[in-house]
Amino acid sequence: MRAPFWLALSMLAAASIPSGGALAIDTVTSTDAPDLASVRAKIKAKDYRGALAEMTPMLETHQHADLYNLMGFSLRKIGDYKQALTFYNKALDFDVAHKGAHEYLGELYVETGQIEKAKEQLAVLGKICPAGCEELTDLQQAIARAPKIN
């Protein structure tokens, strides 16, 4: 008779635990783009730390290429290239054709002296927007301004 009691008790305990991964702390609830207007205004004003402070809580509730791209941009602008690279790659994981992420990743490579990798991003942008686009032009200019190594 002990087995049914313990079985019933374990079933009761299991039923009280939320299902569907509700216990996972890092579960993101939305793939929709958050409102980034305020973040973009901070970035335009060169308040990169303020933009980061505003975006960081959004990471807990949103998974979106634009959010990851702007995180990467702001991190790069404060000199955190390693984290910026992580966020650019995450943006591209969500949207392989994200023009902004390809441009900014290319600019990161220019800033870190990896011109060949920057040119790879330029080639990708050339395929994404064969008729040209602002991101392609901006990355071309960044590469052209890069110091020449002999």
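Heavy atoms only: backbone and side chains are in, while hydrogens, waters and symmetry mates are out.
Side chain of His102 to backbone of Val96: a donor-acceptor contact under 3.5 angstrom is found. Thr112 places a side-chain N or O within donor-acceptor distance of the main-chain N or O of Tyr109, the cut-off being under 3.5 Å. In this structure, the side chain of His62 does not engage the main chain of His64 through any donor-acceptor pair within 3.5 Å. Formation of a donor-acceptor pair under 3.5 Å by the Lys117 side chain with backbone atoms of Gly113 is not found in this model.
For Tyr88 and Arg76, the side-chain atoms include at least one donor-acceptor pair closer than 3.5 Å. Side-chain N/O atoms of Ser38 and Lys42 include a donor and acceptor closer than 3.5 Å.
Side chains of Tyr104 and Asn69 form a contact here, defined as non-hydrogen atoms less than 4.5 Å apart. Counting heavy atoms from C-beta outward, Val39 and Phe73 have side chains that stay 4.5 Å or more apart. By the 4.5 Å heavy-atom criterion applied to side chains, Asp138 and Glu107 are counted as neighbours. Side-chain contact between Asp32 and Pro34 is absent, with no heavy-atom pair separated by less than 4.5 Å.
Nearest heavy atoms, Thr56 versus Leu52: OG1-O, 2.7 Å. For the residue pair Ala142 and Val110, the shortest heavy atom distance occurs at O-CG1, 3.7 Å. Closest non-hydrogen pair, Gly72 versus Ala84, comes out as O-CB, 3.2 Å. Here the closest heavy-atom approach between residue Leu92 and residue Ala101 is recorded as CD2-CB, 3.7 Å. Contact between Ala118 and Gly106 at its shortest, heavy atoms only, is CB-O, 3.4 Å.
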Test side chain to side chain contact (heavy atoms under 4.5 Å, CB included) on Asp66 and Arg40 and set out the steps.
CA-CA 11 Å; Asp66 289 344; Arg40 286 187 169 98; 4.2 Å; yes
Could you walk me through whether Asn89 and Leu105 pass the side chain to side chain contact (heavy atoms under 4.5 Å, CB included) test, one step at a time?
CA-CA 8 Å; Asn89 286 327; Leu105 178 56; 4.2 Å; yes
Could you walk me through whether Gln121 and Glu103 pass side chain to side chain contact (heavy atoms under 4.5 Å, CB included), step by step?
CA-CA 7 Å; Gln121 294 306 308; Glu103 174 195 346; over 6 Å; no
Chi angles and distances behind the side chain to side chain contact (heavy atoms under 4.5 Å, CB included) call for Ile143, Leu139
CA-CA 6 Å; Ile143 291 170; Leu139 183 53; 4.0 Å; yes
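Taken to the nearest 0.5 Å, the CG atom of Leu67 stands 5.0 Å off from the CG atom of Leu59. Once rounded to the nearest 0.5 Å, the distance linking CG of Leu122 with CD of Glu116 reads 11.0 Å. How far CE of Met71 is from CG of Asp80: 9.5 Å, rounded to the nearest 0.5 Å. Atom OG of Ser74 is separated from atom CE of Met55 by 3.5 Å, given to the nearest 0.5 angstrom. For the atom pair CG of Leu108 and CD of Gln114, the computed distance is 7.5 Å after rounding to the nearest 0.5 Å.
Ring centroids of Tyr68 and Phe94 are separated by less than 6.0 Å, placing the two rings close together.
Summarising the local packing, CD of Glu134 is surrounded by 12 or fewer heavy atoms from other residues, nucleotides or ligands at distances under 6.0 Å.
By the rule that hydrophobic residues join a cluster once side-chain heavy atoms approach within less than 4.5 Å of another member, Met58 and Ile78 end up as members of one cluster.
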